[in-house]
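Below, read A as the first sequence line, B as the second, and so on, with proteins coming before strands; counting in each chain starts at 1.
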There are 2 protein chains.
Amino acid sequence: MEIHLPHLDSVFSTDCVIFGFEAGELKVLLIERNEEPFKDWYALPGNIVGPDESVDAAAQRILYELTGLHDLPMRQFHTFGEVNRHPQGRVVTIAYFALIRIGGQKDLMPITQYARKAFWHPVNDLPTLAFDHTEIFKRAFKKIRAKLNYEPIAFELLPEKFTLTQLQSLYEAVLSKQLDKRNFRKKMLSYGFLKELAEKQKGVSYRAAKLYKFDRRKYAKIFQNEIAS
Amino acid sequence: MEIHLPHLDSVFSTDCVIFGFEAGELKVLLIERNEEPFKDWYALPGNIVGPDESVDAAAQRILYELTGLHDLPMRQFHTFGEVNRHPQGRVVTIAYFALIRIGGQKDLMPITQYARKAFWHPVNDLPTLAFDHTEIFKRAFKKIRAKLNYEPIAFELLPEKFTLTQLQSLYEAVLSKQLDKRNFRKKMLSYGFLKELAEKQKGVSYRAAKLYKFDRRKYAKIFQNEIAS
DNA sequence: ACAAAAGTGTTAGGTGTACACCCATGT
DNA sequence: ACATGGGTGTACACCTAACACTTTTGT
C-alpha cells in the first residue's frame, strides 16, 4: 500500500499514578527528575512511548526504569491531550494507575538517569508537580475513591494478611471520612470473600486482632454475574 | 531550551462512538469509508488529530467532517495503544462516546470525501468494522450500560419531552432486560428530577400518556454532593 | 491495675422487588 | 365494543445507619 501517514512531530507518553498505603496514610509514588524540562522537580513516573511497544507495555517499562518496580497491574484511566501540556512540543499522555503494598517492594531504585530518586509521598499536602501532573494525580485519586466502593482494590494496598481495623483505616484514609466499626465489619464479612486465618497479629501491646486475607477466588464466584459482560 | 523531543513517526487519532435511540432500538453512528485503508468498509467516525488542536477539539472537528454533527458533548472513555492496530503505521487512538437524539439532527451529511455516507445502525447485529473498531464499539457499549445506572445519560437519547414508557423502553433496550413498570415509574419519579408537563402525547390511537422532561437543574441540586469532588 | 484496641447486637427506617388489575382513549 | 397501552398499591425481604459496652492482652 503506497499511502503514508502524515508526518506529525508528535509523540505519546505514559504517566503512572502509583498508590500505596503506609502508616495509616495513602501515598503516591513520585520521582525527582534529573533531566530537563522540569529538572529537579517532583513528578509522576512517566516518559515517552517507543515506536515498537504497545502503550500498556510502555507504561510497565517506564515505571520500571524510573522506580525499579515491575509487573504491576496498571490500569489506564485517562488520556490528556491538550496542545501545550508539554513545553517542548506536542505530547499526548496516557495515564495509568496502580495500587501496591508498600512493604513488599521497598527497594525503590531508578534504573536510568532520568530520575534521581523515587519515593512515597502522602497524597494530602502534595507539592506542585511537573507538567500537568497535579491534574493527572487528582483525576486518578478521584477514580480510586470511586472504585473503592465497587471493586476490591483495597486489598491491593494491604499486606496479604491484615486485620479488619487496618482495612477500615484504609477505607477511612481513602474516603476521608470516619466509618462505624460495627457496621463496617458486619458488611465486609457479609460479602463472604474474606477468609479468617487461624493466625493473629503479633508484637502489639494490646489484644491481638484476628488476621484475614482476601479470597480472590470466592470474590470471583460471588461477583461473576456482574463481571460477565 | 535546546532539547528536542525524539522524532517518532507516530500519530494519534480519535474515534467516536455515537449512540442514538430510534424505534425502540439503540443505534450507533457509522460511516462508509471512501479512502484506503479499509476503503468501502463500515467504520466508526474517526481520523488523525492535527498538530495544533487538542484531542478533545479534534474529536469534535472530525465528527463534524465525517457526519455533519457538531457540538456534541463527547466524553473520552479509552485509548487504544496496540502497535499494529493500524495497517499503515503506529496510530494510537483516543476513543470518545456521545449520546444524542436522532430526531433532532437527522441531516447526516459528510463534509469531506473521507466518508461516502454516515448512517445509523442498530447495535445488535453490527457488521464487522474497519480497524479494531468492533472492539472500540464494544467497550463503549459496555461503558454506557454501566453509566446508565448512575448518570442521567438516558435523557440525552430521548426527545426533550418523553413518556415514562419511552424512558423505560430505552432502559430495557440498553440493558437488554425487562423491567417492572410500576417499580420503574416509582423509582424514576422518586428521584424528583423529572418534571411533569401539562401536555400529553398526541396522535396515538390509545390513551395518551403524560409527557415529562428531565430537569437538569433539579438533578444538579439533588446530586451536588456526589458531583463535588 | 491500667491502657489500648478487639470484638460484638439490636432497632428503626428506608429501599428494592414481586406481583395484577382497572382506566382512558381512538377506532 | 374492543384493542391498546396508561396508570396505580401493597407486602415482604433486605440493607443501612445509629448507637456503647465488655473482653483480651501486654506492660
Side-chain angles (χ1 to χ4, degrees), chain A residues 21 23-25 146 148-150 152 154 158-159 161-173 175-213 219 222-223 225-226, chain B residues 21 23-25 145-146 148-150 152 154 158-159 161-213 219 222-223 225-226:
Chain A
F21 185 65
E25 269 190 320
L148 192 64
N149 289 315
Y150 59 89
L158 289 175
K161 301 172 183 181
F162 53 85
T163 68
L164 290 177
T165 300
Q166 285 167 346
L167 183 60
Q168 183 176 344
S169 81
L170 167 54
Y171 271 77
E172 291 178 337
L175 301 175
S176 299
K177 69 175 176 190
Q178 299 286 105
L179 301 171
D180 179 89
K181 184 157 70 158
R182 276 172 294 191
N183 291 338
F184 181 82
R185 287 164 177 245
K186 212 183 319 165
K187 189 169 167 183
M188 279 297 157
L189 294 175
S190 78
Y191 290 138
F193 53 58
L194 291 185
K195 187 171 177 179
E196 184 179 329
L197 303 175
E199 224 169 325
K200 291 200 170 184
Q201 220 177 6
K202 272 170 194 159
V204 291
S205 70
Y206 46 80
R207 177 175 178 182
K210 283 181 201 161
L211 290 170
Y212 290 82
K213 70 184 215 185
Y219 177 84
I222 296 167
F223 294 100
N225 296 329
E226 298 183 25
Chain B
F21 185 66
E25 268 189 321
R145 254 184 281 140
L148 192 64
N149 289 314
Y150 59 91
L158 289 176
K161 302 172 183 180
F162 52 85
T163 68
L164 290 178
T165 299
Q166 285 168 344
L167 183 60
Q168 183 177 345
S169 81
L170 167 54
Y171 271 77
E172 291 178 338
V174 176
L175 302 176
S176 299
K177 67 175 176 189
Q178 299 286 106
L179 300 173
D180 179 88
K181 183 157 69 159
R182 275 172 295 190
N183 292 337
F184 181 81
R185 287 164 178 244
K186 210 185 320 165
K187 188 169 167 183
M188 279 297 158
L189 293 174
S190 77
Y191 290 137
F193 53 59
L194 290 185
K195 187 171 177 178
E196 184 178 329
L197 302 175
E199 223 169 326
K200 291 200 171 185
Q201 220 177 4
K202 271 171 194 158
V204 291
S205 70
Y206 46 80
R207 176 177 177 181
K210 284 181 201 160
L211 290 170
Y212 290 82
K213 70 183 214 188
Y219 177 83
I222 297 168
F223 294 99
N225 296 330
E226 298 183 25

[atom1] of [X] versus [atom2] of [N]: gap in Å, rounded?
X: A/L189; N: C/dG7; atom1: CG; atom2: C1'; value: 11 Å
X: B/K200; N: C/dC23; atom1: NZ; atom2: P; value: 15 Å
X: A/Y212; N: C/dA6; atom1: OH; atom2: C1'; value: 10 Å
X: A/E196; N: C/dA6; atom1: CD; atom2: C1'; value: 13 Å
X: B/M188; N: C/dT15; atom1: CE; atom2: P; value: 15 Å
X: A/K210; N: D/dT25; atom1: NZ; atom2: P; value: 12 Å
X: A/Y206; N: C/dG7; atom1: OH; atom2: C1'; value: 14 Å

Neighbours of DNA chain C within residues 163-185 of chain B, by heavy-atom distance under 4.0 Å: B/D180, B/R182, B/N183
Who pairs with [X] by salt bridge (charged side-chain N to carboxylate O under 4.0 Å, His left out), at least two apart in sequence or on another chain?
X: A/E25; answer: none
X: A/E172; answer: none
X: A/K161; answer: A/E199

Side-chain donor/acceptor of A/R207 to base of C/dA6, under 3.5 Å: yes
Chi angles and distances behind the side chain to side chain contact (heavy atoms under 4.5 Å, CB included) call for B/L175, B/R145: CA-CA 6 Å; B/L175 302 176; B/R145 254 184 281 140; 4.2 Å; yes
Candidate nucleotides D/dA18, D/dG26, D/dT4, ranked by approach to the side chain of A/K186 - the nearest: D/dA18
Pairwise side-chain contact, A/Y171 with A/L148, heavy-atom cut-off 4.5 Å (strictly under): yes
B/L189: side-chain contact (heavy atoms from CB on, under 4.5 Å) partners, not counting sequence neighbours: B/L164, B/L194, B/Y212
CG-NZ distance between B/L158 and B/K213, expressed to the nearest 0.5 angstrom: 14.0 Å
Pairwise distance CD(A/Q168) to OG1(A/T163) - rounded to 0.5 angstrom: 9.5 Å
Ring geometry between B/F223 and B/Y219 (parallel below 30°, tilted from 30 to 60°, perpendicular above 60°): tilted
Helix axis bend for the helix from C/dA1-D/dT27 to C/dT27-D/dA1 - C1'-based end axes, five pairs, 10° rounding: 0°
